[in-house]
J.: 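Please see the structure below; I have some questions.
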Amino acid sequence: MIKSSYTTYATPRFRILSDDQIHEIHLASLEVLERTGVEVLDDEAVELLRSAGARVSNDGKRVRIPSYLVEAALRTAPKRVTLCSRNGERTVPLEDKKVFFGTGSDTPFILDSFTGERRRSKLQDMINAAIIADYLANIDFHMGLGLPEDVPAETVDRHQFRAMLLNTKKPLVFTAHDEVGLSDIIEMAAVAMGSREQLRQKPLICLYAEPTTPLCHSQTAVRKLLLAAKEMIPVVYTPAPMSGATAPATMAGTLTVSNAESLSGLVIGQLAQKGAPAIIGGSISIMDMRRGINCHGAPEQHLLSAALASIAHYYGIPMFGAAGRTDSKVVDEQAAIESALSCLTTAFAGANLVHDVGYVGSGLTCSYDMLVMSDEIIAMVKRIMEGIEVTPDTLALDVIDKVGPGGNFLLQQHTRNYFKKEHWIPELIDRNTYDKWVQLGSKTLGQRVNEKVKRILSEYLPEPLAKEQVSEIDAVIARRERSKAD
Amino acid sequence: MDLNELGESLIQGEVDKVAELTKAALDKGVEVQRILNEGLLAGMDVVGQRFKADELFIPEVLLSAQAMAAGMDVLEPALVGAGLKLVGKIALGTVKGDIHDLGKNMVAMMLKGAGFKVIDLGVDIPPEKFVEVVEKEEVQLVGMSALLTTTAPAMKTTIQALEEAGLRARVKVIVGGAIVTQAFADKIGADAYGEDAIAAVDKARTLLSTV
């Protein structure tokens with residue numbers, strides 16, 4: 001048999017913007033950079049831009065970037081960035097439309113899974129977060145999920161990183177106070193990987209730093225961006241615009257401003273070091289016009305995020321997205337809706353490095369329950385993303401004929417061969433009969449999620465780092481704390 | 001003269017028209033106090049009520065506040081001439097290390113809209129600068145904003161600097177920002193915490209009555 005021009009969809013297909021619309025937003029972003037420019041509050045970066053051909057205002061702050069500089073940066077930035085686990089496995093290849101989910105960072109509060117209260121985050125909470133993230137099958141990378149109040153404020157970033165590094169072997173996306181903090185963290189990561197060279201060969205860590213919307217690059221952010229580029233540490237340098245407040249109220253305008261910010265960061269990074277691994281995109285949403293908060297669960301967030309992913313695909317540069325988070329203060333029905341819609345849309349869109357799983361309360365609070373519930377949601381999303389396989393065997397004509405009208409398929413070998421592959425098997429989602437559900441304690445999803453959180457924390461032990469490595473890592477922090485005390 | 005049109009125009013956020021109508025009222029010899037109370041403040045009261053009832057949204061309220069400020073600019077010389085005082089004077093800034101100013105700017109607009117004289121210091125403001133403005137200008141209130149968890153501690157440092165300069169008793173301090181809470185405000189020794197721009201104005205009014 002000969003078939004002609006037969007097309008197979010291995011996954012569902014989804015597009016928010018057409019090629020022409022993406023190109024239009026690209027051109028608009030170039031126009032913003034050339035006409036309006038960006039504020040760059042760091043002399044070294046301004047000098048890099050100036051000598052490459054950018055126009056700098058008399059006060060040395062406003063930089064107007066000609067389009068060819070952006071095109072050049074897009075050519076030299078790598079099309080793929082692979083993050084590795086602590087034992088060197090290349091688990092997170094950020095390329096094309098491959099999607100990876102992970103947690104979020106720096107939440108000053110935690111919704112305590114044991115007491116139900118919202119309280120300030122502590123170091124032990126970050127350790128627990130890393131243990132849970134390490135355990136969950138659908139969490140591919142980890143961000144800190146905490147901002148502990150019980151460690152010295154000057155070195156909190158190092159303590160955050162230590163809690164992550166020691167308690168999960170998954171790739172780490174981290175934040176640092178400044179370039180000194182960043183260089184300490186690179187040193188700590190190099191200890192875990194064996195050497196600087198090993199760390200470069202097997203990128204365990206990825207810096208997160210952000211421009212300030214609209215169109216500003218703070219000195220602290222740029223110093224970190226430059227250091228990461230020179231050290232070839234992958235860097236997510238992406239904005240967090242709020243449509244209607246720090247960006248235009250229109251979706252297209254918000255995409256344009258955000259993209260201009262990402263692209264100008266990319267130019268700075270590539271000027272500092274050609275080929276420096278970079279991730280663009282952003283935590284992009286609207287401001288709620290009644291309450292003034294940065295919405296983490298709005299439909300516009302999913303829409304904008306999906307569009308931003310398409311723009312990143314157009315450039316062929318890895319993209320940073322956000323999902324599995326909510327504006328709800330607790331893990332309730334709203335949280336479930338917002339997590340599910342965001343996880344599904346972002347997977348449809350093919351965003352690469354999707355963070356913030358486990359956030360509640362618009363990003364100020366972390367919740368283990370939210371993380372565990374979203375892990376189950378991502379499992380469902382993964383099944384949807386597998387699409388439908390159409391082959392002679394899956395069309396099942398022989399077995400349909402064999403069973404015939406009025407029969408059933410339960411006893412067929414075909415069913416036995418396929419059901420586990422084709423049907424998703426839930427862990428937390430309830431499908432009991434009513435009586436069975438009552439017998440099991442009439443528990444809600446929230447209760448079952450909470451039980452799983454407690455079970456993980458009481459039973460699961462992540463793979464430890466060698467003692468000598470831990471002491472070397474501790475020595476980095478201790479040295480810095482002594483020098484700060486002097 | 002009917003001042004309803006002025007109030008209505010303010011509710012609609014018509015900045016230029018509010019300035020024009022205020023000037024027209026002054027030209028016609030309407031009493032300054034009446035223009036303020038029956039025109040501008042009456043309009044702003046409606047705006048505040050409608051916002052609290054979820055009928056108006058932040059951009060609409062801010063435009064009305066801007067219209068109010070435009071009216072106040074026209075009215076101010078006459079107010080001073082009549083021996084009437086402005087509501088109060090506040091210095092505002094985003095603290096050292098932080099360049100996020102959306103929240104601070106919203107508060108500034110709302111305070112101007114409520115008739116406050118606002119000295120907006122800008123962003124990345126070190127403690128010395130806050131101390132300097134308290135020394136030089138007769139402000140009753142100091143407002144500080146921070147978005148980042150790493151910069152919020154600068155609020156405490158600034159309050160300490162005011163104490164060290166012997167100026168703490170002279171002013172009331174109000175703080176705000178995404179990561180700030182009432183508990184944090186209490187801990188660092190601030191006098192009030194504004195959870196949003198509207199609340200900040202209410203708190204500022206209350207603080208003023210205690211200065």
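Just so it is clear, the values below take in all heavy atoms, side chains as well, and ignore hydrogens, waters and symmetry mates. Numbers restart at 1 for each chain; the letters A, B, ... are given by sequence-line order, proteins then strands.
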J.: For residues A:Arg118 and B:Thr181, determine if any side-chain heavy atom of one lies less than 4.5 Å from a side-chain heavy atom of the other.
T.: yes
J.: Write down the atom of A:Arg290, the atom of B:Phe51, and the distance for their closest heavy-atom approach.
T.: O-CZ, 3.2 Å
J.: Do other residues, nucleotides or ligands put more than 12 heavy atoms under 6.0 Å from the NZ atom of B:Lys89?
T.: yes
J.: For B:Glu138, does the CD atom have more than 12 heavy-atom neighbours from other residues, nucleotides or ligands under 6.0 Å away?
T.: no
J.: Pick one of side chain, backbone, both or neither for A:Ala153, based on which atoms fall under 4.5 Å of a heavy atom in chain B.
T.: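 Neither; nothing under 4.5 Å.
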J.: CG/B:Leu62 to CE/A:Met289 distance, rounded to the nearest 0.5 angstrom?
T.: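 Between B:Leu62 CG and A:Met289 CE, I get 9.0 Å after rounding to 0.5 Å.
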J.: Would you mind reporting whether B:Ile179 and A:Phe109 have side-chain heavy atoms less than 4.5 Å apart?
T.: no
J.: Does any heavy atom of chain B fall under 4.5 Å from the side chain of A:Leu41, the backbone, both, or neither of them?
T.: side chain
J.: Which atoms of A:Asp288 are under 4.5 Å from chain B, going by heavy atoms: the side chain, the backbone, both sets, or neither?
T.: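 Only the backbone of A:Asp288 comes within 4.5 Å of chain B.
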J.: Any side-chain heavy-atom pair from B:Leu102 and A:Met287 closer than 4.5 angstrom?
T.: yes
J.: Considering the options B:Val123, B:Ile99, B:Asp98, B:Asp124, which one meets the side chain to side chain contact (heavy atoms under 4.5 Å, CB included) requirement together with A:Ser218?
T.: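 That would be B:Ile99.
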J.: If you count the non-hydrogen atoms of other residues, nucleotides and ligands that lie under 6.0 Å from NZ in B:Lys96, is the total more than 12?
T.: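 No, NZ of B:Lys96 has 12 or fewer neighbouring heavy atoms, counting only those of other groups under 6.0 Å.
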J.: Around atom CG of A:Asp150, are there more than 12 heavy atoms of other residues, nucleotides or ligands at under 6.0 Å?
T.: yes
J.: Do the side chains of A:Arg291 and B:Asp54 get close enough for a salt bridge, i.e. N-O under 4.0 angstrom?
T.: yes
J.: Hey, are the side chains of B:His100 and A:Thr212 touching, using non-hydrogen atoms and a 4.5 Å cut-off?
T.: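 A side-chain contact under 4.5 Å exists here.
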J.: Hey, is NZ on A:Lys61 packed in by over 12 heavy atoms from elsewhere, all under 6.0 Å?
T.: no
